[in-house]
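These notes are about the structure you will find just below.
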Amino acid sequence: MKLKTRFAPSPTGYLHVGSLRTALFDYLFAKKNKGEFALRIEDTDRERFVEDAQEKLLAVLAKMGLEHDGDMMVQSLRLDTYHKQINKLIKDGHAYYCFCSQERLEKLRQEAQAKKEVPKYDGLCRHLKPEEAQAKIDKGESYVVRFKIPENKIVEAKDLVYGKISVKTQDLDDFVILKSDKYPTYHLANVVDDHEMKITHVIRGEEWLPSLPRHILLYQAFGYEPPAFVHLPLLLNPDRSKLSKRQGDVAVEDFLAKGYLSQALINYIALLGWNPGNDQELFTIDQLIKEFSLERINKAGAIFDINKLNWFNAEYIKAIVEQGGSRYQQLVEQTAEFIPEHKDRIDDLLHLFGTRINNLSELKVMSEFLFNLPNYPAEMLIFKKSDREKTTQGLNLALGTLGKVEDKLWQEEKLNTLIQNVAEEHKLSPGDIFWPIRVALSGLEKSPSPVELLVFLGKNESLSRIKQAIAKLG
Ligand code: GLU
């Protein structure tokens, strides 16, 4: 049988990084084994319905390069199938109609809580005869369908990461499989579809591990062979709490909007809960496919560390800027979306800052001074080992020397030599001349080198900024 995995998100309107990790591991495992990676939309919870969620999800998966094989399955379009399967379970004595009101269920919950017990449905409707149930349905009473948990049995399940799990059926509740709105619950639809789609490996987040015994019971009731299960360790905040929005971004869309590159995100996410068995950190998607194995998935929760992601992203940007080629052209286009007002200067900006940024939106902030000179105090122009007089002299010499340079000789090395020569001639130190040029051009104490700034700004703008600096020194 061909190996097949699936990513089965419930559309929420955005892709959580934890879901991206699930999708990625499903994808890597399928591709590694020449199998298929399917996509199923689990949208049977109508209370959580989000407009356009499906389109957004497909768009972000495509951006991340995780395209699915075959047709996408959408659960809300398959209600007939679920109804048929639920009727079969009822007929075979594995499920029953339940007419208990919300008030009654709430009362049961409160009673259990008062006794410090885990709330559990007491099985009142289990004993209704089929004719009694039918009479209530005919009268138009609202109902759900519950799964009949077998009595006094032990359910055994095996997870490829977490090992064997066994649960006593006494500890399980007759859970709902069809809701009063006629939509199936997650558990029912999930099992029916994994079987129908011929999924061989269910790879999903650890939060679903407690549901596994219920799924196994459903497989048994249907007489289906269950697939293999692989649960992935939770993603955690640096303080080891469950990764949540409150401590920073969690939506893949937010990272993309800040200018994180999809390849860098994929690379970083791949190492959350999986390791290659050596200290290699940078992987292309093809290398990940080659190296991936279930054996090296860890059980312990994995910390999502934004600093580490920044490191990966910076490495990717740097490598692309250094290597050039078509990926560089793509990067230029992507960067232009962040700084559309200076579209024509992107290439220069990437060469100035490409080796020092964590993401593309930082580039916009970092390069702002090139287009709008910040208002800086005159004292900033004076290097700590220099004084006002030498600084003014240095700037005036620079102005005179640079003013005579022909446009075609306005190049980093030439300008550097000219300034160095004039400094030596007048016995000025670099602090007396290069430092004030830097501040004059940038309004900052830290920036790319003064000659890089001269070249970026061009002759007119550079001379005008130096004149402003001289005026500030009065
Ligand atoms: N719809 C579930 C989710 O969004 C999928 C769980 C599963 O893969 O079985 O996490």
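Values below: all heavy atoms of this structure, side chains included; hydrogens, waters and symmetry mates excluded. First listed ligand is number 1; within each ligand, the first listed atom is number 1. Quantities reported herein were computed from a predicted structural model and do not represent experimental measurements.
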For this session: Using a 4.0 Å heavy-atom threshold (strictly under), name the region of F7 that reaches ligand 1: side chain, backbone, both or neither.
Result: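 Neither; nothing of F7 gets under 4.0 Å from ligand 1.
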Problem set entry | Proximal ligand 1 atoms for N190, defined as those under 4.0 Å from one of its heavy atoms |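 With N190 as reference, the close atoms of ligand 1 come out as 7 (C), 9 (O).
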Exercise. Looking at E42, which atoms of ligand 1 are within less than 4.0 Å of one of its heavy atoms?
Worked result: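 Listed by number with element, the hits are 1 (N), 2 (C), 5 (C).
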Exercise. Do any nitrogen or oxygen atoms of E207 come within less than 3.5 Å of a nitrogen or oxygen of ligand 1?
Worked result: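 Looking only at distances, the answer is no, because the N/O contact criterion of under 3.5 Å is not met.
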Exercise. Under 3.5 Å, N or O to N or O, is I203 touching ligand 1 that way?
Worked result: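 It does not: no N or O of I203 is found under 3.5 Å from an N or O of ligand 1.
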For this session: Can you measure from CG (N298) to CG (L271) and round to the nearest 0.5 angstrom?
Result: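 If we round to the nearest 0.5 Å, N298:CG and L271:CG are 10.5 Å apart.
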For this session: Working to the nearest 0.5 Å, report the span between CD of E131 and NZ of K129.
Result: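 If we round to the nearest 0.5 Å, E131:CD and K129:NZ are 6.5 Å apart.
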For [atom], what's the nearest protein heavy atom and its distance?
atom                    : value
atom 4 (O) of ligand 1  : S10 N, 3.2 Å
atom 7 (C) of ligand 1  : R204 CD, 3.3 Å
atom 10 (O) of ligand 1 : W208 NE1, 3.1 Å
atom 5 (C) of ligand 1  : A8 O, 3.1 Å

For this session: Over all heavy atoms of both residues, which pair between F25 and I203 is shortest? Give the atoms and the distance, please.
Result: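 Minimum heavy-atom separation between F25 and I203: O-CD1, 4.1 Å.
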Problem set entry | R48, CZ: over 12 other non-hydrogen atoms inside 6.0 angstrom |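 Counting other residues, nucleotides and ligands, CZ of R48 stays at 12 neighbours or fewer.
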Exercise. So, does R6 sit close enough to ligand 1 that a heavy atom of it is under 4.0 Å from the ligand?
Worked result: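 Yes; R6 lies near enough to ligand 1 that a heavy-atom distance drops under 4.0 Å.
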Exercise. Which word best sums up how the rings of W274 and F283 line up, parallel for under 30°, tilted for 30 to 60°, or perpendicular for over 60°?
Worked result: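 Perpendicular: the ring planes of W274 and F283 meet at over 60°.
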Exercise. For E196, which of K84, R40, R78 qualifies under salt bridge (Lys or Arg N to Asp or Glu O under 4.0 Å)?
Worked result: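 By the salt bridge (Lys or Arg N to Asp or Glu O under 4.0 Å) criterion, E196 pairs with just one of K84, R40, R78: R78.
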Exercise. Is K136 positioned over the aromatic face of F99, cation under 6.0 angstrom from the ring centre and no more than 45 degrees off axis?
Worked result: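 Because its charged atom sits under 6.0 Å from the ring centre and within 45° of the axis, K136 does stack over F99.
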